[in-house]
Protein chains: 2
Amino acid sequence: MTKSEQTRQLVADVALRMFREIGFAKTTMRAIAAEAGISVGNAYYYFASKDDLVHELYVQVQAEHAAEAGATLKDSTDLSARLKAVLHTGLDVMAPYHRFGADFVATAIRPTSPVNPFAAGSTAAREASLAIFRTAVEGAKPAAPKKLRADLPELLWLFYMGITLFWVYDTSEGQQRTRRLVDGAVPLIARGLSLARVPGVSKIQDDVLSLSRSIRN
Amino acid sequence: MTKSEQTRQLVADVALRMFREIGFAKTTMRAIAAEAGISVGNAYYYFASKDDLVHELYVQVQAEHAAEAGATLKDSTDLSARLKAVLHTGLDVMAPYHRFGADFVATAIRPTSPVNPFAAGSTAAREASLAIFRTAVEGAKPAAPKKLRADLPELLWLFYMGITLFWVYDTSEGQQRTRRLVDGAVPLIARGLSLARVPGVSKIQDDVLSLSRSIRN
DNA sequence: CATACTTATTGAACACGTTCAGATTCTCAA
DNA sequence: TTGAGAATCTGAACGTGTTCAATAAGTATG
């Protein structure tokens, strides 16, 4: 590891630790620089903005999620179980940053932010996250209805974004309420999918699907 | 109107106009003060923070929405039509602030923000908004399924929040894409509701409802 | 080894949101 | 009318994220 890489890593490590320990607001760029023993300007040489450090966090959390979810997915073939596994491991890796969650979301939600999960800046991270859901769906037995299978991962990822939003606001002990929401909602989703056989429902599913497609372009 | 009220109104008017015309970031507290011909400190005498001015905007937009939606609701009894009316008038009143939407959402999404629609600070504004949806549901013929009627306004309001989020990111000309989403999604919602008669579906609806209730406490 | 060039680093400076001690203006009882 | 207390207003000051000219350190080239 070159000197340059060391400095970059040092800044990232210090910043992420401070995010966890004292929160977003109190983790000032000056404090990060001081803690890392470098100048403010030097931190900016490696990270274009404070938001960029949040992006670093996002990428790291994503990678952890992929690893943990991948491990858990080996345990089951049932779609509900797999989905729960993915969502719960997601909550697990985010847990240390809960107090910081609101600021993260506020940062991420700006269309211009490098952290915005829908924007170009984090295509890689989003793809990684999407891949987790794709794996969860594709490895499921019985398989999800054919006509849904292609769109399902993306829709579930969107659902995951919603869960994350809920989690940010969840002030219950250890965010148990979000856990209960996951456990309650996942079987409903699975049941809703299996309703594809019922004629009237199938029609609506088709319409929802075609709407979601037309909206995404 | 007292001098005090005049100053307050002046600050609010200047700020909201600048939000529309030059966006959130460029509308600095110093610029607002200069434009209003007062000192920065004086603006802070009436508004505790820049966020507070955003709250003022939220309240005003909400009031406009209630007025316009109320007028349009006289034209129809069909639930779909009424819902579309409410959502489209909502988009109408927000339209002038579209460029500013992302910053608004970023501000509003902080749990500590006075603008957060879920937080205590804006209970009044949220209630006003909820009331619009309650009117839309209650005045509908044929009426919505009995078991859903109590929860429907709140769920639809939540849907409206989602639409707003979509709108913020919608860069299409005049945000037509959001319009199409509304026009496409509303009939699906109505159709989903009418599925209450189908036994298997009814069961799922009950479960969704009880989950949503248990989550809200 | 010396030179030119690139990479890395510094710290002062800027505009921002926000605060606050003090100055000014208003209000109304005596 | 007066004067004391409340309401309103001022502008300098603070800490923030960010920028950038200047410097230092590192690296290849002759």
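Since the structure is predicted, the reported quantities are computational estimates derived from the model, not experimental observations. The chains referred to below are lettered A, B, ... by the order of the sequence lines, with proteins before strands, and numbering in each begins at 1.
- Checked for salt-bridge contact, B:E154 and B:R213 miss the test: no charged N lies under 4.0 Å from a carboxylate O.
- Remark: A:N42 is in phosphate contact with C:dT10, judged by side-chain N or O atoms under 4.0 Å from OP1 or OP2.
- Counting heavy atoms from C-beta on, the side chains of B:L87 and B:L156 never come closer than 4.5 Å.
- Among the nucleotides D:dC9, C:dT9, C:dG17, the one closest to any side-chain atom of A:T7 is C:dT9.
- Between the CD atom of B:Q6 and the C1' atom of D:dA7 there is a distance of 15 Å, given to the nearest Å.
- The interatomic distance linking B:D103 (CG) with C:dC16 (P) rounds to 15 Å, in whole Å.
- B:M18 places its CE atom 10 Å from the P atom of C:dG17, with the value rounded to the nearest Å.
- The interatomic distance linking A:K26 (NZ) with D:dT16 (P) rounds to 11 Å, in whole Å.
- For C:dT9, the OP1/OP2 oxygens have no side-chain nitrogen or oxygen of A:S39 closer than 4.0 Å.
- Each of B:T107, B:L57, B:L53 was scored for a side-chain contact (heavy atoms from CB on, under 4.5 Å) with B:F24, with one residue passing: B:T107.
- Across the protein-nucleic acid pair, B:Y45 atom OH and C:dT18 atom C1' stand 17 Å apart, rounded to whole Å.
- A donor-acceptor pair shorter than 3.5 Å can be found between the side chains of B:S212 and B:R216.
- Residues B:A81 and B:S76 share a closest heavy-atom pair of CB-OG, 3.7 Å.
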Polar-atom pairs under 3.5 Å, protein N or O versus N or O of nucleotides 22-27 of chain D: list them with distances, or write none.
none

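- A straight line from CZ of A:F47 to P of C:dT9 spans 12 Å, rounded to a whole angstrom.
- Between the P atom of C:dC16 and the CG atom of B:D51 lies a distance of 17 Å, rounded to the nearest Å.
- You'll find that the side chain of B:Y44 is closest to C:dT19, out of D:dT10, D:dG17, C:dT19.
- Distance CZ (A:R30) to P (C:dT9): 19 Å, rounded to an integer number of Å.
- Between the side chains of B:D170 and B:S172, at least one donor N or O sits under 3.5 Å from an acceptor N or O.
- For A:F104 and A:Y97, the gap between ring centers reaches or exceeds 6.0 Å.
- Of the candidate nucleotides C:dT10, C:dC16, D:dT18, D:dT18 has the atom nearest to the side chain of A:V40.
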